[in-house]
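These notes are about the structure you will find just below.
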Amino acid sequence: MPVLEATMTPTSAHEAALHNFDLAANALNLEPDVREMIKYPERILEVTLPVRMDDGHIHRFEGYRVQHSTARGPGKGGIRYHPNVTLDEVKALATWMTWKCAVVNIPFGGAKGGITCSPKDMSQIELERLTRRYAASILPLIGPEKDIPAPDVYTNSQTMAWIMDTFSMTKGYPIPGVVTGKPICLGGSLGRNEATGRGVFYTILSALEFLKIPVKGVKVVVQGFGNAGSIAAHLLDSRQAYVISASDSRACIYNSKGLDIPKLMMYKEKTGQLLGFPGAEEIQPAELLGLNCDIMIPAALENSIDATNAPSIRAKIVAEAANGPVTPDGDAVLESKGVFLIPDILCNAGGVTVSYFEWVQDEQHLFWEAQDVYNRLERVMKTSFADVLKIHTDKKVPMRTAANMLGIGRVAEAIKIRGLYP
Ligand code: NAD
C-alpha cells in the first residue's frame with residue numbers, strides 16, 4: 001500500500017478525505033481488502049429538481065445524497081444549500097460523517113446531502129418548493145432506520161420540518177425520526193441548535209486542560225460567525241475568554257480588548273451581518289488568520305487554511321468547528337509549527353451527537369430536559385477527546401490521524417464482525 005506524503009496537495013475535498021484516510025489506514029496497518037470496502041461511498045443518488053420560481057419560470061437544480069457507510073447503523077448527515085455544492089464535496093462530507101459518528105461512538109454510519117443553489121437569493125416559498133421536491137426525490141434512501149438527514153450550511157430547523165412533512169405525507173402518519181435538527185414542537189431536541197458550538201467548546205476546554213492553559217483570558221478568533229462559530233464564541237466568552245475577532249462571508253471585525261459577543265449575536269441576528277458592529281474595526285481575512293491569539297476556530301467552509309496562509313497562523317490551538325477547513329498541506333505546516341489541532345471529526349461532533357439524542361427521544365417518544373442533553377453531550381465529547389488524545393500520545397501521530405485511526409478502526413471492526421463481505 002503506497003504511503004502518501006503528508007504534504008501532497010489534493011485537488012478536491014474528497015481527495016483530501018481519501019488522503020487522510022490513507023494516512024490513518026497506514027498507521028493502523030489496515031488490510032487492503034478492508035480498506036477497499038470502507039474507503040468509498042456505498043451509495044450515491046444524483047437528482048434533478050425542477051422548481052417553479054416566484055416569477056413563474058421553472059428552474060432546474062441539482063441535488064445529491066451520498067451514503068458513505070451504513071456499516072455501524074443508518075446513514076447520518078446534514079443537507080447543505082450552497083452555490084458551490086458539488087458531488088465531490090458531498091462525497092467528502094459523507095466520508096467524514098462516517099468517521100465522526102464512529103469517533104463519538106454513536107450507532108450511525110455516514111451520509112450527506114446537498115443542493116447547488118443560492119439560498120440567500122431565494123424566497124421562503126421557493127426554498128420550500130425546492131426542499132419538498134428534493135425530499136421526494138431522495139425518499140427511497142431516507143427513513144429513521146435507513147438514513148437520517150439534518151441541517152448543515154444554509155439549512156435549518158424549518159428545512160427539516162418540510163422534509164419531515166413531505167416524508168410523512170407518503171406514509172400517512174407523522175414520522176419525526178426521519179430527520180434531526182427539527183423544531184422542538186415537531187419532536188426536536190432541546191439543546192440541538194447549540195450542540196455543535198457547545199461540543200466545540202467542550203473539546204477546547206479539554207485541549208486547554210491538556211496544554212495547562214487557563215481558559216480565563218485566552219484570546220480567541222472565529223472565522224465564520226454562524227451557528228457553530230457564534231455558539232462556541234459565546235460559551236468561551238461566558239468563561240472570560242476574549243473573542244478578539246470574528247468574520248462572516250462579507251467582513252472580518254476586530255477589537256483587541258474583545259468583542260461583546262452577546263451583543264454581536266443580536267447585531268448579526270438583526271442586521272444579517274457583522275460589518276458596522278459598534279466598537280469594532282474592519283480587518284482583511286488574511287489579517288484575521290495572522291492575529292496573535294491562543295485559539296483559532298475556523299467555522300466557515302472547507303479549505304480555508306492551506307499551505308499559503310497556514311504559515312501566518314499564530315494560535316496555539318486550531319479548533320475545527322467547520323468540516324475540512326484545513327487542507328493536508330495546511331496540516332503539515334501547522335504540525336511543523338507545533339499548533340495543537342482539534343480535528344473536525346472530533347471538534348464538531350457535538351451536532352451529530354445531539355442529533356443522535358434527538359433520534360433516540362423520537363423513537364422512544366420520551367423527551368429530555370436541556371440539562372440532561374448538555375450533561376450527556378459533555379460526557380461524550382470529553383470521553384472522545386480523551387480517546388483521541390491517547391492515540392495521539394501513545395502512537396505519536398498527529399491529532400487528525402489519531403481521530404481518523406479511532407473512527408476508521410471502529411468501522412473496520414464493525415465490518416469484520418458483521419462479516420460484511422461474501
Ligand atoms: P452557518 O450557515 O450557520 O454559518 C456559516 C458562517 O460562515 C456564516 O456566518 C457565513 O457568513 C460564514 N462564512 C461563509 N463563507 C465565509 C468565508 N469565506 N469567510 C468567513 N466566513 C464565511 O453554518 P454552520 O451550521 O455554523 O456550519 C459551519 C461549518 O460547521 C460548516 O463547515 C458545517 O459543515 C460545520 N458543521 C456544522 C454543524 C451544525 O450542526 N451546524 C455540525 C457539524 C459541522
Side-chain angles (χ1 to χ4, degrees), residues 13 17 76-85 89-90 92-97 99-101 103-104 110 112-114 118-120 149-157 159-160 179-182 188-189 191-200 203 221-234 245-253 264-265 267-269 271-275 282-289 296-306 309 319-326 342-358 377 381:
K76 186 84 192 83
I79 293 172
R80 178 173 293 193
Y81 288 0
H82 195 275
N84 297 342
V85 164
E89 181 188 58
V90 179
L93 291 162
T95 308
W96 289 325
M97 285 307 297
W99 318 139
K100 188 185 299 183
C101 292
V103 163
V104 285
K112 202 83 183 190
S118 299
K120 284 183 183 172
D152 190 70
V153 174
Y154 298 142
T155 54
N156 54 28
S157 58
T159 323
M160 295 306 112
V179 283
T180 59
K182 294 178 294 294
S189 176
R192 173 62 186 88
N193 187 46
E194 65 265 36
T196 304
R198 188 171 275 279
V200 171
T203 60
V221 169
V222 181
Q223 181 200 49
F225 198 75
N227 172 284
S230 67
I231 303 284
H234 184 49
S245 185
S247 65
D248 63 10
S249 56
R250 290 178 199 155
C252 307
I253 59 167
L264 183 61
M265 290 172 87
Y267 182 83
K268 171 90 183 165
E269 174 81 32
T271 65
Q273 59 178 26
L274 299 179
L275 193 64
E282 188 181 2
I283 59 170
Q284 292 307 307
E287 290 179 82
L288 172 137
L289 285 180
M296 168 75 59
I297 308 180
L301 294 168
E302 296 90 62
N303 302 336
S304 56
I305 299 176
D306 58 20
N309 57 19
E320 292 186 319
N323 286 306
V326 183
I342 312 176
D344 48 6
I345 60 169
L346 168 65
C347 190
N348 69 34
V352 75
T353 301
V354 178
S355 271
Y356 165 58
F357 296 161
E358 180 176 331
L377 174 63
M381 296 309 295

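Please read these numbers as outputs of a predicted model, since none were measured by experiment. Order of appearance sets the numbers: ligands from 1, and atoms from 1 within every ligand. In what follows, residues are counted from 1 in the order of the sequence shown.
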Original post:
Just by modelled atom types, is the Asp152 backbone N or O under 3.5 Å from a matching donor or acceptor in the Tyr81 side chain?
Top reply: no
**OP:** May I ask you to identify the nearest protein heavy atom to atom 29 (C) of ligand 1, giving residue, atom name and distance to one decimal place in Å?
**Re:** Ala300 O, 3.2 Å
Original post:
Just which atoms of ligand 1 are under 4.0 Å from any heavy atom in Gly224?
Top reply: 7 (O), 12 (C), 21 (N)
Original post:
Which ligand 1 atoms, with their elements, are less than 4.0 angstrom from a heavy-atom of Asp152?
Top reply: 33 (C), 34 (O)
Original post:
For the side chain of Asp344 and the backbone of Glu320, is there at least one donor-acceptor N/O pair under 3.5 Å apart?
Top reply: no
Subject >> Student check: side-chain heavy atoms of Ile253 and Leu264 closer than 4.5 Å >> reply: yes
**OP:** Side-chain contact test, heavy atoms from C-beta onward, threshold under 4.5 Å: evaluate it for Leu274 versus Arg250 and give yes or no.
**Re:** no
Original post:
Counting only heavy atoms on the protein side, is anything nearer than 4.0 Å to atom 27 (O) of ligand 1?
Top reply: yes
**OP:** State the atoms of ligand 1, each with its element, that fall below the 4.0 Å cut-off from a heavy-atom position in Ala299.
**Re:** 28 (C), 29 (C)
Original post:
For the side chain to side chain donor-acceptor pair (under 3.5 Å) test, which of Ser245, Ser304, Ser247 pairs with Gln223?
Top reply: Ser304
Original post:
Between Lys120 and Ser249, is a side-chain contact (heavy atoms from CB on, under 4.5 Å) present by the stated rule, with each step listed?
Top reply: CA-CA 12 Å; Lys120 284 183 183 172; Ser249 56; 3.4 Å; yes
**OP:** Verify, without hydrogens or angle tests, whether Glu358 (side chain) and Lys182 (backbone) share a donor-acceptor contact under 3.5 angstrom.
**Re:** yes
**OP:** Please identify which atoms of ligand 1 are closer than 4.0 Å to at least one heavy atom of Ala228.
**Re:** 26 (O)
Original post:
Is ligand 1 under 4.0 Å from a heavy atom in the side chain of Arg80, in the backbone, in both, or in neither?
Top reply: side chain
**OP:** Pull out every atom of ligand 1 sitting under 4.0 Å from any heavy atom of Asn227, numbered as shown with elements.
**Re:** 1 (P), 3 (O), 4 (O), 25 (O), 26 (O), 41 (N)
Original post:
Do Arg192 and Phe357 have side-chain heavy atoms sitting under 4.5 Å apart?
Top reply: no
Original post:
Is a side-chain donor or acceptor of Thr271 paired with a backbone partner of Gln273 at a separation under 3.5 angstrom?
Top reply: yes
Original post:
How does Ala321 reach ligand 1, if at all, at less than 4.0 Å between non-hydrogen atoms: by side chain, backbone, both, or neither?
Top reply: backbone
Original post:
Does at least one non-hydrogen atom of Gln273 fall below 4.0 angstrom from an atom of ligand 1?
Top reply: no
**OP:** Considering heavy atoms of the protein only, find what lies nearest to atom 13 (N) of ligand 1 and give residue, atom and distance to 0.1 Å.
**Re:** Ser249 N, 3.6 Å
Subject >> Numbered atoms and elements of ligand 1 in range of Ala322, under 4.0 angstrom, heavy atoms >> reply: 29 (C), 30 (O), 32 (O), 35 (C)
**OP:** Let me see the working for Arg80 and Thr155 under side-chain hydrogen bond (donor to acceptor under 3.5 Å, both in side chains), right down to the final yes or no.
**Re:** CA-CA 6 Å; Arg80 178 173 293 193; Thr155 54; over 6 Å; no
**OP:** State the atoms of ligand 1, each with its element, that fall below the 4.0 Å cut-off from a heavy-atom position in Asn348.
**Re:** 43 (C), 44 (C)
Subject >> Identity and separation of the nearest protein heavy atom to atom 4 (O) of ligand 1 >> reply: Gly226 CA, 3.2 Å
Original post:
Which residue and non-hydrogen atom of the protein lie closest to atom 19 (N) of ligand 1, and at what distance in Å?
Top reply: Asp248 O, 3.7 Å
**OP:** Can you pull out the closest protein heavy atom to atom 38 (C) of ligand 1? Residue, atom name and distance to 0.1 Å, please.
**Re:** Thr196 OG1, 3.4 Å
Original post:
Which is it for Arg192 and ligand 1 at heavy atoms under 4.0 Å: side chain, backbone, both or neither?
Top reply: side chain
Subject >> Criterion side chain to side chain contact (heavy atoms under 4.5 Å, CB included) against Lys112, the qualifying member of Val90, Thr95, Ile79 >> reply: Val90
**OP:** With heavy atoms of Tyr154 as the reference, note each atom of ligand 1 found under 4.0 Å away.
**Re:** 2 (O), 10 (C), 11 (O)
